[in-house]
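We count ligands from 1, going down the list as the structure has it; atoms in each ligand are counted the same way. Predicted model, so just to flag it, every value in this text is computed and none were measured.
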Amino acid sequence: MLNVEGLNAWYGQAQALFEVSLSVGEGELVVIQGLNGAGKSTLLQSLIGIGPRAQGRITWQNEPIQSWPAHRRAKAGLGFVAEDRRLFTGLSVKENLWIAAPSGSSAQATPAQRFDSVMALFPQLQTMLHRPASQMSGGEQQMLALARTLMTGPRLLLLDEPCEGIAPVLVAAMRDALLQLAREGVAMLVAEQNNILAGHAQRVLVLTSGRLQTVI
Ligand code: ATP
């Protein structure tokens with residue numbers, strides 16, 4: 001499904017990724033671990049097309065996508081949730097969700113169907129549809145950020161620390177939602193340091209100073 005071969009990335013002269021190769025198959029959950037600064041965010045950002053200067057081969061469903069802009073990768077089924085969530089904080093929960101829904105008719109589900117399934121996955125959001133995102137807790141915002149990406153109907157989710165810095169009760173809800181999505185066949189590549197999903201993953205990859213170390 002997603003294949004990465006020999007990916008290198010640079011911030012100016014400083015190299016952040018060194019010959020990273022990995023793959024995520026249909027419906028697989030793959031976790032990337034690594035210390036702060038190891039390159040996890042850089043890797044995910046490079047895959048969705050918002051990273052720094054990069055070189056290497058990235059294929060998605062056998063098509064090379066490394067020259068594609070981010071919006072084209074997203075349209076092709078790659079969904080990304082950044083560590084900093086990137087919500088429209090002045091807009092309500094409902095507005096944040098609907099603004100992400102693709103308007104084209106090629107999608108498998110209608111925006112209304114997507115909205116319903118997102119609400120089923122995150123019933124907590126149902127109770128705060130009209131609340132501005134700025135008035136939500138960190139964990140609720142994290143749920144909304146994931147829910148917003150789900151409105152685009154992704155086949156592979158790239159998630160940067162989805163359970164980091166949120167209340168334990170919401171960590172459990174987030175973990176359960178992600179595992180439910182995995183059961184429904186959504187593939188995931190998840191950067192995490194806190195071992196919330198690693199135990200459920202098909203593979204755990206370890207990044208050390210920009211190099212992939214171990215495949216378990
Ligand atoms: P964290 O969990 O702290 O976000 P990470 O594993 O995601 O860490 P990255 O954020 O990808 O690591 O950082 C990888 C390397 O690239 C680090 O040395 C970092 O200092 C550097 N880096 C990241 N962003 C930038 C940037 N915008 N400009 C310059 N260097 C950067």
Sort and list the pairs that fulfil side chain to side chain donor-acceptor pair (under 3.5 Å) and have at least one residue in residues 171-191, not counting sequence neighbours. Gln180-Arg183, Gln180-Glu184
Which residue and heavy atom of the protein sit nearest atom 17 (C) of ligand 1, plus the separation: Gly37 O, 3.5 Å
For atom 30 (N) of ligand 1, the protein heavy atom that lies nearest, with its residue and separation: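 Ranked first by proximity to atom 30 (N) of ligand 1 is Tyr11 CG, 3.4 Å.
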For atom 13 (O) of ligand 1, which candidate among Leu17, Asn36, Thr42, Leu43 provides the closest heavy atom?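 Result: the heavy atom closest to atom 13 (O) of ligand 1 is in Thr42.
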Residue selection (non-hydrogen contact nearest atom 12 (O) of ligand 1) among Ala14, Ser41, Gly39: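 Comparing heavy atoms across Ala14, Ser41, Gly39, the nearest one to atom 12 (O) of ligand 1 lies in Gly39.
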Is the side chain of Trp60 donor-acceptor paired with the backbone N or O of Leu78 at a distance under 3.5 Å, no angle test? no
For the pair Gln33 (side chain) and Gln193 (backbone), establish whether a donor and an acceptor sit closer than 3.5 Å, ignoring hydrogens and angles. no
Is the closest heavy-atom distance from Glu83 to ligand 1 below 4.0 Å? yes
Going by the atom numbers of ligand 1, which of them fall below 4.0 Å from some non-hydrogen atom of [X]?
X	value
Ala38	5 (P), 6 (O), 12 (O)
Leu35	6 (O)
Gln193	2 (O)

Not counting sequence neighbours, which residues clear side chain to side chain donor-acceptor pair (under 3.5 Å) with Arg211? List them please.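 For Arg211, no residue satisfies side chain to side chain donor-acceptor pair (under 3.5 Å) once neighbours in sequence are set aside.
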Taking the six-membered ring of Trp68 (Phe, Tyr or Trp), confirm whether the NZ or CZ of Arg73 is under 6.0 Å from its centre and within 45° of its axis.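 Negative - Arg73 is either too far from the ring of Trp68 or too far off its axis.
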Look up atom 19 (C) of ligand 1 and tell me if a protein heavy atom lies less than 4.0 Å from it? no
Any non-hydrogen protein atom less than 4.0 Å away from atom 22 (N) of ligand 1: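 Given the 4.0 Å limit, the answer for atom 22 (N) of ligand 1 is yes, a protein heavy atom qualifies.
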Evaluate whether atom CG of Leu129 has more than 12 neighbouring non-hydrogen atoms of other residues, nucleotides or ligands under 6.0 angstrom away. yes
Any carboxylate oxygen within less than 4.0 angstrom of a Lys/Arg side-chain nitrogen, looking at Arg114 and Asp116?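 Asp116 and Arg114: not salt-bridged.
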